[in-house]
Every structure is written in structure tokens, then in C-alpha cells.
2 protein chains.
Amino acid sequence: MPPSPDFTEARPGQVPLLLAVTYRAMTDRFHALLAERGREPLRPAHGYTFRYLASHPHATTVDLAAHLGVTKQATSKAVAELEDWGYVERRPHTTDKRAQVLALTTRGREYLELADELWTTVEGQLADVIGTERLAALDRDLRTYIAAVHADQEVSFRPVW
Amino acid sequence: MPPSPDFTEARPGQVPLLLAVTYRAMTDRFHALLAERGREPLRPAHGYTFRYLASHPHATTVDLAAHLGVTKQATSKAVAELEDWGYVERRPHTTDKRAQVLALTTRGREYLELADELWTTVEGQLADVIGTERLAALDRDLRTYIAAVHADQEVSFRPVW
DNA sequence: AGATATAGTCAACTAGCTTGACCATATGAA
DNA sequence: TTCATATGGTCAAGCTAGTTGACTATATCT
């Protein structure tokens with residue numbers, strides 16, 4: 001009795017499940033690498049937060065919430081935690097006295113570099129199995145699909161379980 | 001300022017995120033189709049439960065828990081709910097007086113058929129964009145990776161966010 | 001027979017969200 | 001300029017889906 005689904009042969013409609021399993025397998029490997037470096041148990045959402053802040057230097061909590069697809073209250077809590085851990089800073093907005101500007105600290109930027117390195121390693125393990133050409137095709141195909149879906153509806157990246 | 005990550009060009013280490021986004025987009029489409037049919041808001045985990053029970057006719061709660069990768073207590077609660085909704089039955093085990101055998105009801109089997117149909121539709125929308133050959137290659141590549149990872153560690157299909 | 005393992009339940013707790021109410025500040029229209 | 005409305009952020013309460021721990025009844029092993 002196999003403790004996991006049987007993936008030895010193709011079945012119509014199975015691709016979504018395969019995507020979920022693959023994503024989970026890769027995050028497991030990512031976290032294993034992270035643990036080897038003795039880092040705190042940061043989740044993918046934290047990394048995605050850092051990446052957003054790195055590319056949007058004047059982002060507020062509300063901006064980030066919209067990006068993550070959760071409420072501003074949930075985002076506010078998460079940001080407070082990341083601030084406690086020294087990854088993120090909150091600074092007063094220059095013109096809007098209600099708002100705060102979120103910014104990565106040096107530590108936050110360092111984490112982002114490390115995460116990029118580790119995700120690339122994990123991605124490389126996929127390339128080891130299927131080959132670099134297949135990996136490139138996979139990357140392209142997924143981005144094509146996302147672009148097509150994105151055309152008529154907003155797409156989140158928070159998986160539903 | 002784009003409200004979602006920018007996927008217009010490739011970046012090393014981005015594939016895991018692409019997998020997550022694609023999975024989420026497909027589950028969104030699945031749920032939209034489900035809503036059109038006026039079904040209850042069943043989540044992927046419920047469908048995976050049904051599929052497991054369909055292929056493991058003598059499964060117990062503990063078996064199911066191992067399959068889903070959560071505790072038996074959490075599984076027990078979910079099964080009770082699915083029983084209330086009429087998808088699953090609990091019957092006494094024939095030889096083990098401690099155990100209960102889980103079984104799909106007719107309604108449960110019907111849902112599974114519908115889900116297969118809808119997931120296949122969603123998968124077909126991916127095929128529409130990337131082509132059937134690329135879809136087949138994607139399917140094969142993902143199963144290859146899962147088999148490789150599966151060799152040395154157990155793989156779950158519950159995404160980490 | 002007795003020690004140990006296992007199926008399932010109950011209860012208390014937690015993480016990570018949600019909704020709703022609220023304050024302070026911005027913005028737009030009269 | 002003033003006032004109505006919109007917006008950024010916080011606080012508090014509640015929900016969902018999970019967790020750990022303790023326990024009972026039954027199985028299994030020695």
C-alpha cells in the first residue's frame with residue numbers, strides 16, 4: 001500500500017496534482033538546504049515578501065498585502081515579525097503621514113541572495129533529472145500559461161490546499 | 001506597478017514559483033467550474049481524499065492521514081465533515097474492532113467523476129496554450145522528477161506557503 | 001498472561017488567516 | 001475653505017485547519 005499517490009503512469013487531469021507535488025518537493029529541498037545553513041524557518045511567503053520589497057523600494061503594507069493576496073492586517077503582522085527578526089524596516093513616508101515605507105535591511109538583502117542561490121540549486125536538481133533543455137521548455141511553457149491566464153483574471157501565487 | 005510578480009522573462013531559480021502560480025491558477029479555474037455546477041466549496045484536499053478512498057477500498061483514518069500528510073486527529077475531523085455532507089461512510093472493520101473502514105458513497109464517487117472531468121478541462125486549457133505535445137512532455141518531466149525525489153525521501157502533495 | 005503497539009476520540013492549544021470597528025490623514029468636490 | 005469620502009494602519013475578536021498530549025479499547029507479540 002503506497003503512502004503517496006501513484007505517479008508511475010499518466011492520467012488525464014493529473015497535471016495540477018503533479019505541479020503541487022513538484023512544488024512541495026522543491027520547497028522541502030529548499031528548506032533542507034536552508035536548515036543546513038542554520039537559518040530561521042522562513043517560509044516561501046517571506047521570501048516572496050523580500051523579493052517584492054527589493055523590486056518596489058517605496059512599497060507600503062497595503063501594496064505588499066495586495067501583492068501577497070492577503071489582508072493588510074495579516075500582512076502587518078507578518079511585517080512586524082520580519083522587522084523583529086531584522087529583515088525589514090518600517091520608515092515614515094516622506095509625504096503621506098499615514099503611511100510607512102517598507103524596506104529591506106542589509107540582512108534582508110543577504111537573505112534574498114541566499115534564497116536565490118538555494119532555489120537555483122533546487123532548480124538545478126530538476127535539470128539534473130530532466131535535462132537543461134526540458135527545464136528551459138518547462139519554464140517557458142509555464143510562463144506562457146500564466147501570461148494567458150493573467151490576461152483576463154488576476155493570478156495569485158498562494159497555493160490552495 | 002504590477003500587482004503580481006513579473007513573469008515576462010526567465011530568472012534562475014524561478015521555476016518553483018512558476019509551479020506554485022500555475023497550480024494556483026489551475027485550482028482557481030477548477031473552483032470556478034465547480035461553482036458553475038453549484039457544488040459545495042470542496043478543496044483539493046477533499047478531492048485527493050476521495051481519490052485515495054476510491055483506490056484503497058479498505059482504508060482507515062490512519063491510512064488516509066498518512067496519505068494526506070497530516071495527523072489522524074485532523075483527518076478524523078475532515079472525514080466527519082465529509083460524512084455529514086454525504087460523500088463518505090464509516091463502517092465497522094470486519095476483523096479489527098478498533099478500526100473503521102472508510103468508503104465513498106455513491107455521491108462521493110459521482111463527485112470524483114465530476115472532478116476528473118473538470119481537472120481534465122483545466123488541463124486542456126493548458127494544452128490549448130502550450131500544445132498537447134508540450135503538455136505530455138510536462139507531465140512526463142514532472143513524474144520523472146517526483147520519481148527521482150521519491151527514491152530517497154517521502155514526498156507530500158500539500159503545498160507549503 | 002502480560003507488555004507493548006495501534007485505531008480512534010476528546011480536549012486544549014497554535015498559526016495564520018479573516019471581518020469589523022476605529023483613528024488619523026489625504027483627497028476631491030461644492 | 002470646508003466638508004464628505006477615501007485610504008493607510010492598528011486593535012480586537014473570531015475562524016479554520018492544523019498541532020500535541022492524554023486517554024480508551026482492542027490487537028499483537030513474547
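Order of the sequence lines fixes the chain letters, A, B, ..., with proteins taken first and strands second; residue numbering starts at 1 for each chain.
Here dA27(D) is the nucleotide among dC17(C), dA27(D), dT19(D) with the atom lying nearest to any side-chain atom of R98(B). The side chain of V62(A) has dG9(D) as its nearest neighbour among dG9(D), dG8(C), dA26(C). Picking from dT19(D), dT25(C), dA27(D) the nucleotide with the shortest atom distance to the side chain of K97(B) gives dA27(D). Closest to the side chain of T71(B), out of dC17(C), dG18(D), dT19(D), is dT19(D).
Applying the 3.5 Å distance criterion, the base of dG8(D) shares no donor-acceptor pair with the side chain of Q73(A).
If you check every strand for non-hydrogen atoms under 4.0 Å, A99(A) touches sugar and phosphate atoms only. Backbone-only contact: Q100(B) has heavy atoms under 4.0 Å from sugar-phosphate atoms and none from a base.
Remark: nothing in residues 23-34 of chain A comes within less than 4.0 Å of DNA chain D through any heavy atom. DNA chain C is contacted by T95(A) of residues 81-95 of chain A, taking any non-hydrogen atom closer than 4.0 Å.
At the phosphate of dG18(D), OP1 or OP2 sits under 4.0 Å from a side-chain N or O atom of W161(A).
Between D96(B) and D96(A), the one whose closest nucleotide on DNA chain C sits nearer the 5' end is D96(B). Of the two residues near DNA chain D, K72(B) and K77(B), the one whose nearest nucleotide lies more 5' is K77(B).
With the end axes of the helix from dA1(C)-dT30(D) to dA30(C)-dT1(D) each set by five pairs, the angle from one to the other reads 20° at 10° resolution.
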